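Below, read A as the first sequence line, B as the second, and so on, with proteins coming before strands; counting in each chain starts at 1. These figures come from a predicted structure and were not determined experimentally.
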2 protein chains.
Amino acid sequence: MTTLKDVARASGVSVMTVSNVINGVPRVGPATRERVLGAIADLGYEVNLTARRLRSGTSGTVALVVPRADHPYFGELADAFTSVLRATGRHLVIEQSGASKEGELTALSQARLQMYDGVLLSAVGLQYADVDRVQADLPLVLLGEKPMPPQFDQIQLGNVEGAQLATAHLLDRGARSVALVGGLTGPTDGGMQDQRTEGWRAAHRAAGRTPDDRLILNPPALEMAASRQTIRDAVSGGLQLDAVFAITDQAAIGVVAGLRDVGLRVPDDVQVVGFDNLAIGAHLWPELTTVDPSNHWLVTEAVRLLERRMAGEHGDAEHLVTPVSLVVRGSTR
Amino acid sequence: MTTLKDVARASGVSVMTVSNVINGVPRVGPATRERVLGAIADLGYEVNLTARRLRSGTSGTVALVVPRADHPYFGELADAFTSVLRATGRHLVIEQSGASKEGELTALSQARLQMYDGVLLSAVGLQYADVDRVQADLPLVLLGEKPMPPQFDQIQLGNVEGAQLATAHLLDRGARSVALVGGLTGPTDGGMQDQRTEGWRAAHRAAGRTPDDRLILNPPALEMAASRQTIRDAVSGGLQLDAVFAITDQAAIGVVAGLRDVGLRVPDDVQVVGFDNLAIGAHLWPELTTVDPSNHWLVTEAVRLLERRMAGEHGDAEHLVTPVSLVVRGSTR
DNA sequence: ACGATCGTGTTTATCGATATACCACCGTGT
DNA sequence: ACACGGTGGTATATCGATAAACACGATCGT
């Protein structure tokens with residue numbers, strides 16, 4: 001492997017001069033600069049980012065920590081971040097925290113995080129206290145679903161508002177029994193599922209109805225297969241419903257399949273609304289009505305906040321909530 | 001930030017002893033070990049991976065380089081890799097090469113790759129020559145779609161076989177005009193699209209038919225929206241077809257939507273087969289018949305090959321092809 | 001005419017860890 | 001008594017880069 005030293009020897013200057021050429025420091029004469037650039041090209045030298053990181057403390061890399069990569073929502077998010085960050089000359093890598101507690105803590109450990117100039121953390125399983133232990137001077141923007149320590153910038157989706165929009169839309173289109181797939185009835189942890197459940201309740205209250213907790217279904221996992229099974233079992237078990245608000249698009253896709261399994265038509269017999277506005281929603285049959293959480297807004301703001309921290313600012317942290325809107329398609333009347 | 005030095009001072013030993021404790025080197029007395037572990041816990045010390053990487057040359061991290069993260073296929077792949085690698089005590093990060101040539105070269109640069117102990121590279125846009133320039137002693141497994149330099153291990157999907165299976169299935173079920181969405185007619189580069197096109201041709205020949213190049217449609221991008229538009233335009237333009245082999249599930253989803261747009265029913269009027277066996281395929285309507293490329297097999301083998309290289313073996317590289325199988329569902333008769 | 005400044009490089013110290021050689025001490029066999 | 005191997009720990013050099021201070025001839029201001 002060629003190092004600065006090799007380049008220096010080949011071009012007859014000191015390593016420091018080569019370093020200065022590489023970093024564009026303007027204390028190198030034009031002739032010397034050319035000679036060094038020539039040697040770099042000849043030897044095919046490339047800077048060792050590990051060494052640079054150790055010495056200078058910057059790597060030009062930002063990490064996006066997500067629970068898992070096979071969820072399309074995070075894929076779309078990662079793609080958006082990559083293009084926005086590329087414009088600022090930075091590089092994005094994606095880390096998976098996994099579903100397990102250990103996995104999330106590992107991803108959160110100083111050791112890992114120190115490898116990056118900044119971190120965008122979207123870990124749904126972590127608690128307030130876990131995040132609170134993270135060294136406060138790391139440029140960190142939380143995309144957390146639940147309230148997080150005030151020392152860090154945070155952007156949450158408009159979960160309550162979005163869920164309320166979705167539910168209100170269903171009630172407005174004549175639904176009388178709006179099941180909530182992915183909702184929670186038990187003790188609350190303030191997470192995404194809680195917030196969307198709250199939105200579902202709020203919409204009922206605003207319409208002068210009393211939410212019926214028997215309509216809250218919680219599949220073992222927020223995936224297509226589990227949601228499909230859950231809705232199928234519920235209907236087979238005699239649950240009466242004429243609409244479903246599924247708290248993610250993935251769950252909604254499972255719900256639509258499950259309803260089909262038991263012979264119910266969407267939207268004629270049961271209307272369905274999802275949440276996330278995944279790209280695929282527009283290509284399903286029926287096309288999925290969903291809540292758009294303004295991913296682009298989130299990405300832009302998150303990068304702005306992160307850049308501010310990486311620039312060394314130590315002002316008060318901001319806690320933002322994305323604006324949401326409803327995308328009405330064929331799965332509702 | 002606390003360093004080895006701080007821990008050493010706190011526990012009254014040399015930094016080397018602390019390092020030995022951390023790495024389980026058995027030349028530390030039990031009493032000393034306890035004292036050091038206590039200090040580590042007190043100070044909340046965590047090893048600096050950057051420094052360790054620089055000195056020892058290992059970081060415990062493997063990178064998966066994919067074209068883009070918002071494609072569900074790569075998300076599912078990343079998830080599979082993460083769990084398999086976790087079992088061997090390694091950590092996976094995902095890098096996106098992007099659609100652009102520069103992006104791919106950047107991701108491939110020595111500088112980036114040196115940050116990792118090994119690299120799983122799934123870049124579709126790179127040419128043989130680009131990869132050939134990569135330093136040969138980097139543990140690198142290519143998940144490339146096109147033939148790659150022999151000095152690196154490579155695993156390809158069974159593209160030709162899979163496409164042949166899919167097309168033969170359609171012909172077998174009575175199709176007479178099997179359109180190929182995502183196929184190529186022009187000069188070949190040996191890539192995935194070429195290989196699947198070849199499989200489509202081979203199936204025709206095996207059935208005693210002559211493939212008709214007018215049935216090859218190439219959307220501007222292998223995405224849902226573009227494929228939908230392409231099939232819609234083709235049918236509106238008078239193309240006669242009673243089956244479609246879409247070379248990716250994403251394209252197939254677009255195709256199904258596009259056929260619906262022009263009033264054709266799947267599978268009654270037109271049968272459709274995809275390729276990738278994405279999880280979502282089982283939850284669509286109609287459920288998607290597709291080619292299963294044996295992702296799990298690929299992941300297991302790729303990790304085996306990579307571990308071998310990371311262990312320092314320098315034997316001959318292996319070039320493998322995944323076994324494929326057809327998953328028959330409702331989008332074909 | 002002489003100190004001050006500028007332009008161009010070089011030297012030295014350092015980031016935080018690990019590899020290697022080295023050292024002190026103890027018990028043991030002959 | 002003395003060489004010797006084993007145990008437990010320390011000192012030094014090093015990975016490849018950058019920050020900061022230093023060196024020194026040429027030009028400049030007054």
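The CD1 atom of B/Ile94 sits 5.5 Å away from the OG1 atom of B/Thr82 when rounded to the nearest 0.5 Å.
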Verify side-chain hydrogen bond (donor to acceptor under 3.5 Å, both in side chains) between B/Gln156 and B/Thr322, making sure each step is shown before the conclusion.
CA-CA 6 Å; B/Gln156 291 191 78; B/Thr322 68; over 6 Å; no
Determine, stepwise, if the pair A/Leu120 / A/Val65 fulfils side chain to side chain contact (heavy atoms under 4.5 Å, CB included).
CA-CA 6 Å; A/Leu120 299 156; A/Val65 183; over 6 Å; no
Kindly determine whether A/Gln114 and B/Thr50 satisfy side-chain hydrogen bond (donor to acceptor under 3.5 Å, both in side chains), including the steps that lead there.
CA-CA 8 Å; A/Gln114 273 168 10; B/Thr50 303; over 6 Å; no
B/Leu140 and B/Leu121: CA distance, side-chain angles, deciding distance, side chain to side chain contact (heavy atoms under 4.5 Å, CB included) verdict:
CA-CA 7 Å; B/Leu140 173 64; B/Leu121 178 61; 3.7 Å; yes
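Within residues 33-53 of chain B, no residue has any heavy atom under 4.0 Å from DNA chain D.
Taking atom NZ of residue A/Lys5 and atom C1' of nucleotide C/dT11, one finds them 14 Å apart after rounding to whole Å. As rounded to whole Å, 14 Å separates atom C1' of D/dA19 from atom CG of A/Leu4. As rounded to whole Å, 9 Å separates atom C1' of D/dA17 from atom CD1 of A/Ile22. Taking atom CG of A/Leu54 as the reference point, atom C1' of C/dA17 lies 8 Å away to the nearest angstrom. Atoms CG (B/Asn20) and P (C/dG16) sit 20 Å apart, rounded to a whole Å.
Taking 4.0 angstrom as the limit, B/Thr32 places a side-chain polar atom (N or O) nearer than this to OP1 or OP2 of D/dG9. At least one side-chain nitrogen or oxygen of B/Asn23 sits closer than 4.0 Å to the OP1 or OP2 atom of C/dT18. One finds a side-chain N or O of B/Ser14 lying less than 4.0 angstrom from the OP1 or OP2 phosphate oxygen of D/dT10. Proximity of A/Thr17 to the phosphate of C/dT8: no side-chain N or O atom is located under 4.0 Å from OP1 or OP2.
Terminal axes of the helix from C/dA1-D/dT30 to C/dT30-D/dA1 (five pairs each, C1' rotation axis) are separated by 60°, to the nearest 10°.
When atom types are taken as modelled, the side chain of A/Asn159 and the backbone of A/Met192 share no donor-acceptor pair closer than 3.5 angstrom. The backbone N or O of B/Gly190 sits less than 3.5 Å from a side-chain atom of B/Gln195, completing a donor-acceptor pair. Listed for the A/Ser56 side chain is no donor-acceptor partner under 3.5 Å among the backbone atoms of A/Arg53.
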Restricting to nitrogen or oxygen on both sides, can you table the protein-nucleotides 19-26 of chain C pairs closer than 3.5 Å?
none

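Partners of A/Arg112 by side-chain contact (heavy atoms from CB on, under 4.5 Å), not counting sequence neighbours, listed by chain and number: A/Glu95, A/Ser109, B/Leu49, B/Thr61, B/His91. Under the side-chain contact (heavy atoms from CB on, under 4.5 Å) criterion, A/Arg304 pairs with A/Glu301, A/Arg308, A/Glu318, A/Leu320, not counting sequence neighbours.
Of all nucleotides listed (D/dG16, C/dG9, C/dT18), C/dG9 comes nearest to the side chain of A/Val28.
Residue pairs meeting the salt bridge (Lys or Arg N to Asp or Glu O under 4.0 Å) criterion with at least one member in residues 123-135 of chain B, sequence neighbours excluded, are B/Lys101-B/Asp130, B/Asp130-B/Arg133.
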